Student: 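Sharing a structure below in structure tokens format, with a few things to ask.
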Amino acid sequence: MSNIKLNKSLVTVIVFVLAISCLSALAATDVFSSAATQATAAEAITTIYNQYASWFGSASGSIQTAASGGATYYAQWFTNGAALVAWTDGNMYMYYNGLWYDLGMNWQTLGEAATEISTVYSQYASWFGTTSGSIYIATSGSATYYVQWYTNGAALVAGTDGNMYTYYNGQWYALGLSWTNPAPTPTPTPTPTATPTPTPTPSPSSGGNVLSVTVNGSLCSAANSQGYPNKPCVSVTVCTPGTSTCQTINDILLDTMSTGLRIFKSVLSVTLTPVTVSSGTLAECYGYGDGSADWGYVATASVKLGGESAVTVPVHVIDSSFDSTFSGIPGGSSGCILSQNPYVDTSPQEAGFNGILGVNVSPQDCGSDCVNSANNQLYYSCAGNRCSGTSVTLSSQVQNPIALLSQDNNGYIVQLPSVALGGVASVSGSLVLGIGTQSNNTPPSTLTVYPTDQYADFNTTFNGVSYAANGFIDSGSNGLFFKSPSTSSLPDCSSSSNASSFYCPTSTKSFTATNQGINGSPSGTVSFQIGNASTLFNSNNNVFVELGGDDSGEFDWGLPFFFGRSVYYGMDGSKSSLGTGPYVAY
């Protein structure tokens, strides 16, 4: 986690002013005479629902048609009180947890694309196998694609340019069809000419091994998120081990570059037993790349992630008042906590979250270094009013709960949708547990796998500067952080502005950087853009793909890297079809 503490202007989730009352009188009336139009809307609603069924529950009745103020819409309610709505202007909305959200989709094109994909598939099903998930939306540059994957690794793609493509046996082919106009029966030739097209990104999944992720959305606490853009939140359930006494806690920051679950004591209502070591309570001082630190004791908890079985794991209870004298820490109160780190988190409001779920590729947050040395400046044994540095076994260290799952423990996938320049109020995606362990986490053959060191670091080269073992993909960083190529092309924002730690170019700039595996291969180029952070923060949006800031010693691919991608992380020492971890793949 890096550069997440901000003092920005207030940015709030857009609540669309669609009166709930306009849906209260839904009636199954034939407002439209065109059955085809209603069928297209139904196809789009069903497609979106299939991707996010775990959010909505089951359908409550059928898709219905109603009118409000001269406009017609199609609506599907679900058993948890949520709804998906398609208006005749082509826009789609979601009603969820009492709020309305614009999904940024055009159901007319989505429905038409889905119909044409189904038509082509039905004629050539033997080529593809069965469908793998539902049709979803992917983007590349300014182009949008509607994509359906199949169980043999093939795909059918309808681009918004009207052309249709298929991915088959490792190659992309143009089918010579236009899905935007009535098309004749397609006749693919046995050896079609390969046509380069973007590789589509898998959409968010659903299932027991999936946790919902909201970026500045419903899982983030409004009280802790003011002025905090690009904040990815999940929910975890914490129980007193051996009991049914549990608590589900939202506003947990998803952080791919730290390890372990850390929760503020002030938000815990369940009882957790502290871990003891060397006749004292085990405590930890855990620092982050932005200079902050979390101090508190280690306790044993039963943790549930999504629908997975609970695991018993040491967690970090953040409590700045624990052993408040810090008398045993080298340097006293100006030692580990304040000297190495400018400030220690004292409350969820100050930190900007209720806790952190660290899911780095390392199973433990320190590993052998803390087993072999008591002078690790991370772990302490506290008794009375004195804390002393201590060694600690692997089993007592704060651990990544994913690594302890009975299944789906070899890695995970972070999936977030694309975000347009200028930003949006919030987006939703998924944390999918396991790689190749279930149908919803099977990796496509188009991924590039980048081996990393034990901390998920690889090599990045930008503007002639090599960041050897100092490139990383970090969901806990809310921007892309790297050294500016020049102050004229990418200047810092004014120190007196609300964006002082970010870049403020006069116009949005485009760049490329090259990532390499930790041992020099493979190699791949990544394109990205940087916009004016001050302008972005003064908008009504919270989620930005072009947000970046200055960092001279490393190349931090923060949360903007995830938008429009599925990023795979392989746990250290664990095997999957992508190889043996540690690695990242995208």
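The structure displayed is predicted, hence computed values, not measured ones. Keep in mind that the numbers below use all heavy atoms, side chains included, and drop hydrogens, waters and symmetry copies.
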Student: Taking ring-ring contact (aromatic ring centres under 6.0 Å, His included) as the criterion, tell me which of F528, Y586, F481 meets it with F561.
Tutor: Y586
Student: Quick check: does any side chain N or O of T256 sit under 3.5 Å from a backbone N or O of I473, one acting as donor and the other as acceptor?
Tutor: yes
Student: Measure up the Y288 and Y286 rings against each other and bin them: parallel (under 30°), tilted (30 to 60°), perpendicular (over 60°).
Tutor: perpendicular
Student: Is a side-chain N or O of S362 found less than 3.5 angstrom from the main chain of Q454, in a donor-acceptor match?
Tutor: yes
Student: Does N441 reach the main-chain N or O of T437 with its side chain, forming a donor-acceptor pair under 3.5 Å?
Tutor: yes
Student: Mind checking the OG1-CG spacing from T276 to L282? Nearest 0.5 Å is all I need.
Tutor: 8.5 Å
Student: Quick one: closest heavy-atom pair of A301 and V238, and the distance?
Tutor: CB-CG1, 3.9 Å
Student: Assess whether a salt bridge exists between R262 and D365, defined as any Lys/Arg side-chain N lying under 4.0 Å from an Asp/Glu carboxylate O.
Tutor: yes
Student: Check the orientation of Y569 and Y412. Use parallel for under 30°, tilted for 30 to 60°, and perpendicular for over 60°.
Tutor: parallel
Student: When you measure from the side chain of N400 to the backbone N and O of G260, does any donor-acceptor pair fall under 3.5 Å?
Tutor: no
Student: Closest approach of S477 and D556, non-hydrogen atoms and distance?
Tutor: OG-OD2, 2.6 Å
Student: Indicate yes or no: at least one non-hydrogen side-chain atom of N440 is less than 4.5 angstrom from one of V432.
Tutor: yes
Student: Does the pair V215 and F562 meet the rule for a side chain to side chain contact (heavy atoms under 4.5 Å, CB included), with working shown?
Tutor: CA-CA 11 Å; V215 182; F562 292 83; over 6 Å; no
Student: Any side-chain heavy-atom pair from P443 and I413 closer than 4.5 angstrom?
Tutor: no
Student: Let's go through N360 and S258 carefully: what are the C-alpha distance in whole Å and the side-chain angles of both, what is the deciding distance for side chain to side chain contact (heavy atoms under 4.5 Å, CB included) to 0.1 Å, and is it a yes or a no?
Tutor: CA-CA 5 Å; N360 192 270; S258 69; 5.8 Å; no
Student: Do I263 and V315 come within less than 4.5 Å of each other through their side chains, counting heavy atoms only?
Tutor: no
Student: Under the 3.5 angstrom rule, does the side chain of D408 hit a backbone N or O of G434 as a donor-acceptor pair?
Tutor: no
Student: Using 0.5 Å steps for rounding, measure from the OG atom of S576 to the CE atom of M571.
Tutor: 12.0 Å
Student: So do C285 and Y380 actually touch side chain to side chain, heavy atoms under 4.5 Å?
Tutor: yes
Student: For H316 and E284, indicate whether the former's side chain and the latter's backbone hold a donor-acceptor pair under 3.5 Å.
Tutor: yes
Student: With rounding to the nearest 0.5 angstrom, report the OG to CG distance, S221 to N250.
Tutor: 9.0 Å
Student: Would a 4.5 Å heavy-atom cut-off, applied to side chains only, mark I356 and L253 as touching?
Tutor: yes
Student: Answer with yes or no whether the side chains of N515 and T460 bring together a donor and an acceptor at under 3.5 Å.
Tutor: yes
Student: Considering all heavy atoms of both residues, which atom of P229 and which atom of F544 are nearest to each other, and what is their separation?
Tutor: CB-CE1, 4.0 Å
Student: Got V213 and S430 here, is their nearest side-chain heavy-atom distance under 4.5 Å?
Tutor: no
Student: For the pair C239 and V270, evaluate side chain to side chain contact (heavy atoms under 4.5 Å, CB included) and give the outcome as yes or no after the intermediate values.
Tutor: CA-CA 7 Å; C239 308; V270 296; over 6 Å; no
Student: Does the ring center of Y583 lie less than 6.0 Å from the ring center of Y568?
Tutor: no
Student: When you measure from the side chain of N216 to the backbone N and O of N230, does any donor-acceptor pair fall under 3.5 Å?
Tutor: yes
Student: Taking Q247 for the side chain and V267 for the main chain, is one N or O donor matched with an acceptor at less than 3.5 Å?
Tutor: yes
Student: If you take all heavy atoms of D345 and S292, which pair is closest and at what distance?
Tutor: OD1-CB, 4.2 Å
Student: Hey, does N224 have a side-chain heavy atom less than 4.5 Å from the side chain of F353?
Tutor: no
Student: Can you give me the closest heavy-atom contact between G517 and N459, atom names plus distance?
Tutor: O-ND2, 3.0 Å
Student: Report yes if the side chains of P417 and S428 come closer than 4.5 Å at any heavy-atom pair, otherwise no.
Tutor: no
Student: Give me the atom names and distance for the closest heavy-atom approach of N478 to P560.
Tutor: O-CD, 3.9 Å
Student: Could you check whether any side-chain N or O of N209 sits under 3.5 Å from a backbone N or O of L433, counting only pairs where one atom can act as donor and the other as acceptor?
Tutor: yes
Student: When rounded to the nearest 0.5 angstrom, what is the spacing between SG in C370 and CD in Q397?
Tutor: 5.0 Å
Student: Start with the C-alpha distance between Q399 and L394, add both sets of side-chain angles, then the distance that settles side chain to side chain contact (heavy atoms under 4.5 Å, CB included), and finish with yes or no.
Tutor: CA-CA 8 Å; Q399 300 179 46; L394 293 178; over 6 Å; no
Student: If only atom types and distance count, is the side chain of D251 paired as donor or acceptor with the main-chain N or O of N354 below 3.5 Å?
Tutor: yes
Student: CD1/I252 to OG/S235 distance, rounded to the nearest 0.5 angstrom?
Tutor: 7.5 Å
Student: When rounded to the nearest 0.5 angstrom, what distance separates CG in N410 from CG in D572?
Tutor: 12.5 Å
Student: With under 30° as parallel and over 60° as perpendicular, where do the rings of F322 and W295 fit, or are they tilted in between?
Tutor: tilted
